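In what follows, a structure is listed as structure tokens, so that the remarks can point back to it.
We number each residue from 1, following the sequence as shown. This is a predicted model, so every value here is computed, not measured. Note that these values count all heavy atoms, side chains included, but never hydrogens, waters or copies made by symmetry. Both counts, for ligands and for their atoms, begin at 1 and track the order of listing.
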Amino acid sequence: MAKSVSLDDTIVAISTPIGESGIGIVRISGKDAFSIAKEIFSSKGHRPVSKMRTFTTHHGHIVNNLNGGEVIDEVILTVMRAPKTYTRENIVEINCHSGMVPLKKVLNLVLSSGARLARPGEFTKRAYLNGRIDLAQAEAVLDIIRSKTDASLKTALAQLSGELSKKVKALRVEILKVHSKIEAIIDFSDQDSVDESSLNGQKLVLDVDKIVGRLDRIISSFEQGQILREGLKMVICGRPNVGKSSLMNAFLRRDRVIVTPLPGTTRDSIEEVVNIGGLPLRIIDTAGWVSAPDYVAYHSIKRTSSSVISADLVLLLLDGSQPLIDEDKKIFQKIRSKKFIVVINKIDLPLAFKLDDIIRMTKQKKIIKISATKKTGLELLEKEIVDTVWQGGLGVTAPPLVSNVRHKDILARVRQDMARAKNGITKKTSPEIIAIDLKSALDNLAEIAGETATEDLLENIFSQFCIGK
Ligand SMILES: Nc1nc2c(ncn2[C@@H]2O[C@H](COP(=O)(O)OP(=O)(O)OP(=O)(O)O)[C@@H](O)[C@H]2O)c(=O)[nH]1
Ligand SMILES: [Mg+2]
């Protein structure tokens with residue numbers, strides 16, 4: 001653990017967003033938190049802050065004794081006594097009236113009373129440095145703040161409660177077992193009488209395989225994590241005028257994109273994020289695909305193509321009121337290698353083709369019928385999208401264990417170490433070399449919890465937090 005950061009200072013920050021709102025919180029943490037609060041807080045009972053019971057709140061005023069006792073704000077003060085606090089240090093939180101002036105004045109007063117302005121994420125960093133949470137849990141705090149949907153919040157909460165850390169610990173125990181067996185062989189081989197067969201290769205390979213299997217499962221959950229964190233990319237695709245922009249607006253429940261009766265209205269790919277069934281979806285409305293494009297359309301279609309290439313899911317939109325034409329088939333050819341859902345729009349009008357034609361073309365039995373303008377069938381479509389994501393070809397089964405690139409990279413390195421160790425065992429390499437690979441796996445694994453984190457890594461992680469967290 002990085003020990004170079006001084007925990008002697010008492011830190012302070014405004015922990016709520018600045019602006020007009022009901023209350024704003026100034027948070028102080030550190031060994032002088034109580035004595036600083038005592039200097040600036042005046043209440044009816046005049047009880048010193050250091051004598052207040054932990055987790056109690058007190059009404060009073062913030063006063064500037066350096067300036068003749070000027071009253072700065074009427075506040076509620078909360079006292080939290082170490083070690084059972086967010087940072088494991090003494091904490092005082094002052095609930096002020098929000099707004100730039102009172103908050104800044106209280107902050108400045110705390111600063112002139114001996115605290116220092118907290119750096120971004122420094123409260124959470126202290127929780128980590130003081131051993132209350134490990135690094136993976138600290139990173140989960142960041143994910144919770146940033147989570148856009150229920151699903152990503154669930155993943156982050158699981159990580160904060162230590163789900164990932166538990167799995168990592170279990171892996172560590174398994175790797176340690178293999179490591180100690182190899183070490184024993186090394187120790188024995190110092191004695192002349194040991195025969196090489198004491199390296200029970202088969203059993204060790206099985207042990208290592210089990211570990212690699214576990215690693216694979218955790219690593220593969222990363223892609224799902226990515227979907228939850230960054231949003232699944234869903235592209236609405238179809239020929240001009242089928243109602244792509246109308247559907248986009250229906251998803252967004254507002255008139256975001258221009259809709260006209262003229263084909264070729266949308267000329268660019270337009271992206272918005274929506275929450276569908278708890279999933280963050282990046283929906284992309286595209287320019288309609290035409291086979292004989294003009295100059296502008298040529299570029300629009302290039303955009304559409306690249307949107308489709310990077311899509312996780314494509315909605316193939318067809319106009320139910322118009323006969324199927326070659327263009328629809330050409331578009332289908334372009335998206336068929338993707339995970340797609342076939343959607344017929346404008347079902348408020350008479351259907352101009354047979355459903356069987358579509359089934360034959362797309363080899364898809366399930367076809368969703370909607371009217372983007374009349375808002376019918378949209379719930380079914382949303383359900384189909386969610387089902388496709390959770391059970392379908394996208395391989396997402398449950399909220400993932402790993403949703404963070406740093407963790408995934410570390411686990412991938414551990415997997416490489418284990419693969420090398422296995423190779424060593426099967427090829428009967430010298431046990432010393434196998435032990436080095438296993439040691440490297442253990443060291444790498446320790447980085448997830450931050451047991452071996454460098455100051456640079458910590459800086460990198462905590463600088464992403466806001467000040468006051
Ligand atoms: N009757 C009916 N008309 C619809 C429906 N959805 C869209 N439209 C109409 O179809 C026309 C084209 O809709 P858009 O949403 O602009 O179609 P688009 O696919 O985005 O078209 P481009 O951007 O030109 O490719 C508009 O006049 C819409 O009002 C529907 O469900 N029923
Ligand atoms: Mg459009």
Point-to-point distance, once rounded to the nearest 0.5 Å, from CZ of F123 to CZ of R27: 5.0 Å
Are side-chain N/O atoms of [X] and [Y] paired as donor and acceptor at under 3.5 Å?
{"X": "S29", "Y": "E89", "value": "yes"}
{"X": "S269", "Y": "S307", "value": "yes"}
{"X": "R256", "Y": "N249", "value": "no"}
{"X": "D319", "Y": "S321", "value": "yes"}

Any donor-acceptor pair under 3.5 Å from D73 side chain to V75 backbone: no
Check: P261 main-chain N/O paired with T265 side-chain donor or acceptor under 3.5 Å: no
Sub-2.8 Å protein N, O or S atoms surrounding the Mg ion (ligand 2):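 Protein N/O/S atoms under 2.8 Å of the Mg ion (ligand 2): S245 OG, T266 OG1.
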Protein residues having a heavy atom less than 4.0 Å from any atom of ligand 1: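 For ligand 1, the contacting residues are P240, N241, V242, G243, K244, S245, S246, V259, T260, P261, L262, P263, G264, T265, T266, G288, N345, K346, D348, L349, S371, A372, T373.
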Non-hydrogen side-chain atoms of K244 and R239 separated by less than 4.5 Å: no
Basic-acidic side-chain contact under 4.0 Å: K169, E163: no
